[in-house]
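Below you'll find the structure, written out as structure tokens, and then a few comments.
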Amino acid sequence: MRRFTQRPEPDQERCELCNEPLAEEHRHLVDTQRRALKCCCTACHLLFTRPGAGGGRFRAVPDRYLADPGFTLDDADWNQLQIPVGLAFFFRNSELDRLVAFYPSPAGATESELDPETWRAVLGDSRLAAVLRPDVEALLVHRDPGGPGECHLVPVDVCYELVGRMRLHWQGFDGGAEARADLADFFERVRDRARPYDAADRPADEGGGSWPT
Ligand SMILES: [Zn+2]
Ligand SMILES: [Zn+2]
């Protein structure tokens, strides 16, 4: 479960279910047993989006990005999280029935050793945490040195992308200028795509969305 590095090759351009050719931008399924992504076409993605399809091994990754403007992470919160390079993401693993947090790094992504209670204390009250869908969505937290802490709900494939980018660009302890610029671009896109949480974003009815107790 510590592995979070498997990512489809960028030049892989066929649906892994039906072999249909894929555009560069395409949908993904999460293989909950192997904890890996599968690239897929719109039709195959749709098959796993239907109600009742959510309990199986493969789960469709949604495309919503949410922000909660009323939620901030202050210095005390941030210190509690002990995030080494200013970013982390976490999701609910339905197989393990618990929350897992990862710190992306040049070597892939390392599972946080932090007590899940701490995550819960800092982020558990956020409305984004309440609507997080297990396995397929993640909460991405990020802070530039000296800046405010931010938190977005994102599709989990975006976190794989982030890990891939860091493996590609990161150098030395702080990543270097190129990696920092690349990360800034990445978070700019996340902010652009995110819309504020609203009442329609209720917890998923597939047994997820709530925090492990
Ligand atoms: Zn397909
Ligand atoms: Zn893909």
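Bear in mind the structure is a predicted one, so any value in this text is a computation, not a measurement. Residue numbers count from 1 along this sequence.
- By the 4.5 Å heavy-atom criterion applied to side chains, Arg195 and Leu66 are counted as neighbours.
- Listed by chain and number, the residues in a side chain to side chain donor-acceptor pair (under 3.5 Å) with Glu178 are His169 (sequence neighbours excluded).
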Open item on the list: Evaluate Asp192 against Tyr65 for side chain to side chain contact (heavy atoms under 4.5 Å, CB included), listing each step before the verdict.
Closed with: CA-CA 9 Å; Asp192 279 354; Tyr65 287 67; over 6 Å; no

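- In this structure, CG on Leu132 lies 8.0 Å from CG on Leu99, to the nearest 0.5 angstrom.
- For residues 179-188, the pairs satisfying side-chain hydrogen bond (donor to acceptor under 3.5 Å, both in side chains) are Arg165-Asp182, with sequence neighbours left out.
- Side-chain contact between Val100 and Arg98 is present, with heavy atoms from C-beta onward closer than 4.5 Å.
- The heavy-atom pair separating Pro62 from Arg27 by the smallest distance is C-NH2, 3.6 Å.
- Summarising the geometry of Pro104 relative to Phe102, their closest heavy-atom pair is CD-O, 3.6 Å, with the distance given to 0.1 Å.
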Open item on the list: side chain to side chain contact (heavy atoms under 4.5 Å, CB included), that's the test. Do Val30 and Leu37 meet it? Break it down for me.
Closed with: CA-CA 5 Å; Val30 169; Leu37 287 185; 3.9 Å; yes

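- Scanning both residues, Cys40 and Cys44, for their nearest heavy atoms gives CB-CB, 4.2 Å.
- Within the model, atoms CZ of Arg14 and CD of Glu16 stand 12.5 Å from one another, a figure rounded to the nearest 0.5 Å.
- Closest non-hydrogen pair, His142 versus Glu150, comes out as ND1-OE2, 2.7 Å.
- Environment of CD in Gln171: sparse, with no more than 12 heavy atoms of neighbouring residues, nucleotides or ligands closer than 6.0 Å.
- At least one side-chain heavy atom of Arg64 sits under 4.5 Å from a side-chain heavy atom of Glu137.
- With Asp135 as the partner, the salt bridge (Lys or Arg N to Asp or Glu O under 4.0 Å) test is satisfied by one option alone out of Arg35, Arg57, Arg34: Arg35.
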- [ ] Just do the side chain to side chain contact (heavy atoms under 4.5 Å, CB included) check on Phe187 and Leu140 with the steps written out, would you?
- [x] CA-CA 10 Å; Phe187 282 101; Leu140 181 61; 3.6 Å; yes

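- Put simply, the side chain of Cys39 reaches to within 4.5 Å of the side chain of His28, judged on heavy atoms.
- The shortest distance between side-chain heavy atoms of His45 and Leu17 does not fall below 4.5 Å.
- Minimum heavy-atom separation, Cys159 to Val154: SG-CG2, 4.0 Å.
- Between atom CG of residue Leu128 and atom OH of residue Tyr197 there is a gap of 8.5 Å, rounded to the nearest 0.5 Å.
- Going from atom CD of Glu95 over to atom OG1 of Thr32 covers 4.5 Å, rounded to the nearest 0.5 Å.
- In this view, Asp77 and Leu73, Asp74, Val122 satisfy the side chain to side chain contact (heavy atoms under 4.5 Å, CB included) rule, not counting sequence neighbours.
- Classification of Asp97 and Arg92 as a salt-bridged pair holds, one side-chain N sitting under 4.0 Å from a carboxylate O.
- With hydrogens and angles disregarded, a donor-acceptor distance shorter than 3.5 Å links the side chain of His26 to the backbone of Glu24.
- Counting only heavy atoms from C-beta outward, the side chains of Phe58 and Leu47 never approach each other to under 4.5 Å.
- By the 30° and 60° cut-offs, the orientation of the rings of Phe90 relative to Trp119 is tilted.
- Side-chain contact between Trp170 and Leu183 is present, with at least one heavy-atom pair separated by less than 4.5 Å.
- Val156 is not listed as a side-chain neighbour of Phe89, based on a closest heavy-atom distance of 4.5 Å or more.
- Across all non-hydrogen atoms, the minimal contact from Leu81 to Tyr103 is O-OH, 3.0 Å.
- With hydrogens and angles ignored, the 3.5 Å screen pairs no side-chain donor or acceptor of Arg143 with any backbone N or O of Gly149.
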